[in-house]
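These values consider heavy atoms only, across backbone and side chains, with no hydrogens, waters or symmetry-generated copies. It should be emphasised that the depicted structure is a prediction, and the values quoted were computed from it without experimental measurement. Each residue takes its place number in the sequence, starting with 1.
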Amino acid sequence: MTPVQKGVLALIIANIIWGFASPIFKWSLTNITPFTLAFFRFFIAAIIFGVMLRKKLALPIHDKKDLKLLIIHALTGITGNITFFFLGLQLTLAMNVPVIASSQPIMVFLFAYFILKEKFKLNKVLGMVIGTVGILAIVLEPIYYHGIDGNAFGNFLIVLATISGVIGMLTGRTLFQKYDPLVLTFWAFVISTISFLPPAIAENIQNPTILTSLDIRGIVGIIFGSVFSSAMAYGLFSYGLSKIQASEASLFIYIDPIAGTILSYFMLHEPITIPFLIGAFFIFTGIFIAEHRIHYHPISKLRKIV
């Protein structure tokens with residue numbers, strides 16, 4: 001495979017893992033608090049990366065500007081993203097999360113145009129408008145039935161998580177093309193682990209039985225989060241991001257809703273509602289129009305590789 005094809009395959013695998021994350025983490029968060037889970041997730045993932053990389057752990061960045069970008073990447077792409085993700089996940093349906101997060105390409109097209117100076121075309125504008133309609137259909141769905149409630153606020157937090165992730169993606173792309181992406185991911189994990197430590201300590205001071213009362217839900221959340229959703233998926237994503245454009249890398253998040261919806265339905269027995277289906281339809285339609293040709297879709301890219 002060419003480097004680009006390897007990057008494509010890495011992004012597909014990473015997003016399948018992240019698609020499964022929402023229902024698994026929602027289940028886990030019924031037993032463990034958000035920041036404690038986040039801390040152990042990235043602390044263990046950093047250890048895994050450290051063992052894997054061993055002699056390559058020295059921070060390769062000496063430019064203060066790039067070091068600042070790494071810190072911003074970690075605090076937005078990981079700390080901010082995961083904070084809003086976990087808090088929102090506790091309030092809304094797990095299947096809503098990856099669908100809302102699939103709006104990432106809409107945001108990336110805007111950021112990539114203004115920050116990375118990537119080309120901006122009319123079909124992408126139209127796709128973004130249609131996709132935004134789909135996002136609003138899902139984000140505002142709870143209001144249709146119950147008025148402004150916790151679910152609506154949870155959906156809004158997932159939107160904030162997506163925005164934070166986009167900023168992390170764009171700052172990371174610049175760095176990953178200049179330095180070893182796995183080494184940078186290790187240091188991003190270290191930075192995010194440090195950032196999660198104070199709120200995790202606060203949670204355990206408030207509730208000293210968090211760790212002693214862990215059962216299979218919390219343990220699975222930590223293992224899945226650290227080994228699969230962090231070490232494996234972030235490593236694959238960082239590698240893939242170094243091989244293709246930011247706007248193309250964002251397309252692979254459309255795999256997440258498929259995996260997340262299926263697992264949420266069977267694992268958590270969450271309902272698939274009409275507004276959800278309408279929103280998902282508009283979002284997927286938006287991406288097809290934005291990319292102009294259907295074979296740009298990640299599933300088609302996978303066929304080419306196979």
Side-chain angles (χ1 to χ4, degrees), residues 14-49 77-101 142 146 149-162 164-165 189-190 192-234 256-257 259-272:
N15 280 280
I16 289 175
I17 293 172
W18 283 331
F20 288 154
S22 296
I24 291 175
F25 283 134
K26 185 172 182 65
W27 179 63
S28 298
L29 286 168
T30 58
N31 176 244
I32 187 172
T33 50
F35 290 108
T36 300
L37 175 57
F39 170 77
F40 280 108
R41 172 183 175 179
F42 291 99
F43 175 69
I44 296 173
I47 292 176
I48 294 172
F49 264 57
I78 298 179
T79 304
N81 175 265
I82 297 301
T83 296
F84 290 127
F85 169 69
F86 278 173
L87 295 178
L89 187 59
Q90 290 181 304
L91 299 174
T92 190
L93 297 176
M95 67 171 58
N96 284 357
V97 176
V99 177
I100 294 172
H146 311 294
D149 64 358
N151 283 352
F153 182 63
N155 288 341
F156 175 70
L157 290 176
I158 300 303
V159 172
L160 294 182
T162 304
S164 187
F189 283 173
V190 171
S192 62
T193 298
I194 294 172
S195 70
F196 284 128
L197 181 58
I201 292 175
E203 285 180 341
N204 282 269
I205 290 175
Q206 185 176 4
N207 181 7
T209 64
I210 291 176
L211 296 180
T212 57
S213 61
L214 281 183
D215 58 26
I216 187 64
R217 295 168 295 171
I219 294 171
V220 167
I222 292 173
I223 294 175
F224 175 81
S226 58
V227 177
F228 294 98
S229 189
S230 294
M232 182 181 293
Y234 273 95
D256 294 20
T261 299
I262 292 172
L263 192 60
S264 296
Y265 179 79
F266 287 103
M267 178 180 177
L268 303 177
H269 308 292
E270 294 184 348
I272 299 177

Chemist: CD1/Ile32 to CZ/Phe86 distance, rounded to the nearest 0.5 angstrom?
Modeler: 9.0 Å
Chemist: Quick check for you: to the nearest 0.5 Å, what is the distance between Trp18 atom CH2 and Met232 atom CE?
Modeler: 12.0 Å
Chemist: Which value, rounded to the nearest 0.5 Å, describes the distance between Leu29 atom CG and Ile24 atom CD1?
Modeler: 12.0 Å
Chemist: Which pair of non-hydrogen atoms, one from Thr193 and one from Phe43, has the smallest distance, and what is that distance?
Modeler: OG1-N, 3.4 Å
Chemist: Using 0.5 Å steps for rounding, measure from the CG atom of Leu268 to the CG atom of Leu263.
Modeler: 7.0 Å
Chemist: For residues 20-44, pull every pair meeting salt bridge (charged side-chain N to carboxylate O under 4.0 Å, His left out), keeping only residues two or more places apart or in separate chains.
Modeler: none
Chemist: Taking ring-ring contact (aromatic ring centres under 6.0 Å, His included) as the test, write out the residues that go with Phe84, two or more places apart.
Modeler: none
Chemist: Compare all side-chain heavy atoms of Thr209 with those of Thr212 and state whether any distance is below 4.5 angstrom.
Modeler: yes
Chemist: Nearest heavy-atom pair of Gly260 and Pro23: which atoms, and what distance?
Modeler: O-CG, 4.2 Å
Chemist: May I have the step-by-step check of side-chain contact (heavy atoms from CB on, under 4.5 Å) for Phe189 and Ile47, ending in yes or no?
Modeler: CA-CA 9 Å; Phe189 283 173; Ile47 292 176; over 6 Å; no
Chemist: As an exercise, state the distance from OG1 of Thr33 to CZ of Phe39, rounded to the nearest 0.5 Å.
Modeler: 12.0 Å
Chemist: Can you confirm whether Leu211 sits close enough to Phe40 that some side-chain heavy atom of one is under 4.5 Å from a side-chain heavy atom of the other?
Modeler: yes
Chemist: Any pair with a residue in residues 79-89 that passes side-chain hydrogen bond (donor to acceptor under 3.5 Å, both in side chains), sequence neighbours left out, goes on the list, sorted by first then second residue, please.
Modeler: Thr79-Ser195
Chemist: Kindly indicate whether the side chain of Phe20, heavy atoms from C-beta on, has any atom under 4.5 Å from the side chain of Phe228.
Modeler: no
Chemist: Sequence neighbours excluded and cut-off under 3.5 Å, please list the side-chain donor-acceptor pairs for residues 93-101, or say none.
Modeler:
{"from": "Asn96", "atom 1": "ND2", "to": "Thr92", "atom 2": "OG1", "distance (Å)": "3.3"}

Chemist: I need the minimum non-hydrogen distance between Ser226 and Ile48, along with the two atoms involved.
Modeler: O-CD1, 4.2 Å
Chemist: Which pairs count as salt bridge (charged side-chain N to carboxylate O under 4.0 Å, His left out) when at least one residue sits in residues 194-215, sequence neighbours excluded?
Modeler: Asp215-Arg217
Chemist: According to ring-ring contact (aromatic ring centres under 6.0 Å, His included), who are the partners of Phe35, at least two apart in sequence or on a separate chain?
Modeler: none
Chemist: Quick one: does Ile222's side chain get under 4.5 Å of Ile219's, heavy atoms only?
Modeler: no
Chemist: Search all heavy atoms of Asn204 against all heavy atoms of Ala200 and return the closest pair with its distance.
Modeler: ND2-O, 2.8 Å
Chemist: Do Ser229 and Phe25 make a side-chain contact, defined as non-hydrogen atoms from C-beta onward lying under 4.5 Å apart?
Modeler: yes
Chemist: Side chains of Ser22 and Phe85: closer than 4.5 Å at any heavy-atom pair?
Modeler: yes
Chemist: From Ile201 CD1 over to Thr36 OG1, what is the distance, rounded to the nearest 0.5 angstrom?
Modeler: 9.5 Å
Chemist: In a check of side chain to side chain contact (heavy atoms under 4.5 Å, CB included) between Phe42 and each of Leu37, Val190, Ile78, which one passes?
Modeler: Ile78
Chemist: Return the minimal non-hydrogen interatomic distance between Ala45 and Ser230, and the atom names on each side.
Modeler: CB-CB, 3.6 Å
Chemist: Is Asn31 reaching over with its side chain to a backbone N or O of Ser213, donor-acceptor style, under 3.5 angstrom?
Modeler: yes
